[in-house]
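Here, residue 1 is the first one in the sequence, and each next residue gets the next number. Given the structure is predicted, the values throughout are model-derived calculations rather than measurements. Every number for a ligand or one of its atoms is a count from 1 in the order of the listing.
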Amino acid sequence: MYAPTGVKTSPDMAVPDTMRAWVLGDPGELKLTTKPVPVPKRAEVLVRIDAVAICATDLEIIWHGPPASIQGGMPFNKNWTPGHEYMGTVAALGPGVDEYTIGQRVTVEIHAGCGQCKRCRAGMYTSCHNYGLNYGDVDKGHRANGFTTDGGFCEYQINNINTLVAIPDAMSDEEATLVVTAGTAMYGLTELGGLVAGESVVVTGPGPIGLLGVAVAKALGAQPVILTGTRDNRLKIGLELGADYVINARQENAVEAVRKLNGGKGVDYVVECSGAPNAVNEAIRMVNRGGKVCLAAFPHEEVPVDVAHIVRNNIYLYGIRGEGKSATHRAEAFMSQKRFDATKVHTHTFPLEDLPTAIKYARERIDDAIKVVVKTRGSAAQRVAAE
Ligand SMILES: [Zn+2]
Ligand SMILES: [Zn+2]
């Protein structure tokens, strides 16, 4: 039985020595295998993973590699486990850990910075300068589970205590996996200045981050909140999450429609979540002079951008990475206070052994899939109907 030296375990929560884990082979290839249950070090805990959501970035990594970086390179054929949007139960405590207790339910954020670089020292741990340096003699202690260290498509994982967020019993496993997504939206709005009450916000792209971006912006008091996209079923969910207006960009010119809704001047902020090739040029025309644009998605190819328009109008552009500045804690606070219902973006659930099917649903948007969750526990975790 699992009993590593210096690690605290509990008879109430027996931990096996090995676990089921998916590993990435060639691009697009996942294999179910057996791995040893990992051992937490100082300031780390062992989390029993109960549920994990699939993110568009997982698909990017599984088929293309970056932004994952394993042992300084591409993540393929390195016995590496992807997956980063998980939640679970604390199963063992590393030496000296008293911040959490065994049996406590938690959700996670991704990045544990090195704690010693210039950016970490300034609180920007998702921009850690030692990103991916956590192996061999270049080990700086950085972790980004599912990006630079083993992730959540398995039964147990190690988390630095800085990456844990305690959750209430009333929050379901599925909902808890969405905290990190809401946290990314929260971080975007934080980087834009955070004081969005009464300010006008456009969110472009009704994927999970965009939809929860609408919810977070509304919960922070933004007005109006406008969502643009091309799928009516997703725009409808945006309305349910608090959008004041939705614009179907296939039916009308989104830039003109946004400007019209805001007295011809454009809005104060745009949170760009579509990654469409023309998204930046549209966003800089949706904001008013001196407005701010947060880029939370990216296209595959380099795209031309109208720099003159940005300069002449004093427009600010922000690229964000991950869910920094403890944004997941603030997102979880909104969710546990039921300021919005994040479960509206959760559409399907599969058991861990059906991960390839779950990924197929997420990738091909089968049956209008938005957020697909994989559950590691319980009997046949079944598919739930889209609301
Ligand atoms: Zn993600
Ligand atoms: Zn760092």
Enquirer: Do E272 and S274 have side-chain N/O donor and acceptor atoms under 3.5 Å apart?
Expert: yes

Enquirer: Between the side chains of E174 and K371, is the shortest nitrogen-to-carboxylate-oxygen separation below 4.0 Å, so that they form an ion pair?
Expert: no

Enquirer: Should Y125 and H111 be marked as a ring pair (Phe, Tyr, Trp, His ring centres under 6.0 Å) after you check the CA-CA gap, both sets of side-chain angles, and the distance that decides it?
Expert: CA-CA 7 Å; Y125 51 87; H111 298 260; 7.3 Å; no

Enquirer: Does anything in residues 138-172 pair up under ring-ring contact (aromatic ring centres under 6.0 Å, His included), and if so which pairs, sequence neighbours excluded?
Expert: H84-F147, Y131-H142

Enquirer: According to the ring-ring contact (aromatic ring centres under 6.0 Å, His included) rule, which pairs have a member within residues 28-83, sequence neighbours left out?
Expert: H64-H300

Enquirer: I'd like to verify the contacts: list protein N, O or S atoms under a distance of 2.8 Å from the Zn ion (ligand 2).
Expert: C114 SG, C117 SG, C120 SG, C128 SG

Enquirer: If you measure from CD1 on I366 to OG1 on T357, what distance do you get to the nearest 0.5 Å?
Expert: 9.0 Å

Enquirer: Check whether any side-chain heavy atom of E44 lies under 4.5 Å from a side-chain heavy atom of P95, and answer yes or no.
Expert: no

Enquirer: Does any non-hydrogen side-chain atom of L227 lie less than 4.5 Å from one of L239?
Expert: no

Enquirer: Regarding N313 and R289, do their side chains bring together a donor and an acceptor under 3.5 Å, going by distance alone?
Expert: yes

Enquirer: Check for me: within less than 2.8 Å of the Zn ion (ligand 1), which protein N/O/S atoms show up?
Expert: C55 SG, H84 NE2, E85 OE2

